[in-house]
Amino acid sequence: AQSVTQLDSQVPVFEEAPVELRCNYSSSVSVYLFWYVQYPNQGLQLLLKYLSGSTLVKGINGFEAEFNKSQTSFHLRKPSVHISDTAEYFCAVSDNDMRFGAGTRLTVKP
Amino acid sequence: GAVVSQHPSWVICKSGTSVKIECRSLDFQATTMFWYRQFPKQSLMLMATSNEGSKATYEQGVEKDKFLINHASLTLSTLTVTSAHPEDSSFYICSASLSNGYEQYFGPGTRLTVT
């Protein structure tokens with residue numbers, strides 16, 4: 001069965017600084033990987049996904065992630081964050097079922 | 001494309017009553033729908049998976065008689081919380097997937113408060 005580990009529960013960062021949110025997964029089969037963002041009292045919004053092909057995936061809002069099969073990682077990055085990026089971020093892995101990491105709270109400070 | 005709606009977005013009910021939450025895929029036919037529960041400051045926990053016309057498959061520890069799931073059509077699934085209690089208060093999120101199954105499209109969630 002697949003599982004997801006988000007290594008940081010909280011990441012505080014100053015505005016315009018770069019950020020990396022870490023995600024590691026385990027699975028015995030080929031997987032599809034996703035990053036979602038959740039704002040308070042809202043559902044999940046898809047940031048980006050890796051299904052196949054290029055290991056560098058670009059998503060919305062300037063985010064990107066790199067699939068690293070040897071390290072079983074799918075870290076999310078943004079070169080310069082904004083106050084509006086403050087939210088909860090979830091990494092997820094899917095084969096038939098989708099499993100979520102515990103989430104990382106990104107707080108962008110002015 | 002691939003829009004999923006939920007209704008209501010929030011509901012308050014009294015302890016002992018039942019409440020129904022609807023999940024609709026607006027612009028596609030969903031082979032499978034999923035129901036998740038999210039406690040404050042926690043991740044999503046899969047409650048059950050349902051396929052149109054079949055009985056839902058519940059995750060371990062989820063009471064199927066308490067959380068009734070009906071997937072009557074390819075665009076509608078409902079979750080009924082029966083005899084709700086305050087501990088059932090939570091954020092419930094549904095999702096729907098196409099026949100390929102690996103990508104899910106999420107609804108906006110329903111905030112349930114049981115008083």
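Lettering of chains follows the sequences in order, A, B, ..., and the numbering in each one begins at 1. Since the model is a prediction, treat every value here as computed from it, not as a measurement.
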- Query: What residues form a side chain to side chain donor-acceptor pair (under 3.5 Å) with A:S73, not counting sequence neighbours?
  - Reply: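 So A:S73 forms no side chain to side chain donor-acceptor pair (under 3.5 Å) with any residue.
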- Query: Without hydrogens or angle criteria, can the side chains of A:S3 and A:S26 be said to hold a donor-acceptor pair below 3.5 Å?
  - Reply: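 On atom types as modelled, these side chains qualify, holding a pair under 3.5 Å.
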- Assess the side chains of B:W35 and B:S77: does a donor N or O sit below 3.5 Å from an acceptor N or O?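 B:S77 and B:W35 do have a side-chain donor-acceptor pair below 3.5 Å.
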- Message: Heavy-atom cut-off 4.5 Å, strictly under: side chain, backbone, both or neither for A:F90 against chain B?
- Response: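 Contact with chain B is through the side chain of A:F90 alone.
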- Part of A:R99 lying under 4.5 Å from any heavy atom of chain B: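 The side chain, not the backbone.
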- Message: Please evaluate residues B:Q104 and B:Y36 with respect to the criterion side-chain contact (heavy atoms from CB on, under 4.5 Å), reporting the C-alpha separation (whole Å), side-chain torsions for both, the decisive distance (0.1 Å), and the verdict.
- Response: CA-CA 12 Å; B:Q104 297 179 24; B:Y36 295 87; 2.8 Å; yes
- Working to the nearest 0.5 Å, report the span between OG of B:S90 and CD of B:Q42.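 Nearest 0.5 Å value for the OG-CD distance: 8.5 Å.
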- Highest number of heavy-atom pairs under 4.5 Å with chain B: which of A:M98, A:Q6, A:Q45?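 Heavy-atom pairs under 4.5 Å are most numerous for A:M98.
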- Query: Which one, A:S9, A:A92, A:A102, leads in non-hydrogen pairs under 4.5 Å with chain B?
  - Reply: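 The option with the most such pairs is A:A102.
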- Checking heavy atoms, do the side chain of B:Q38, its backbone, both or neither come under 4.5 Å from chain A?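 Just its side chain gets close to chain A.
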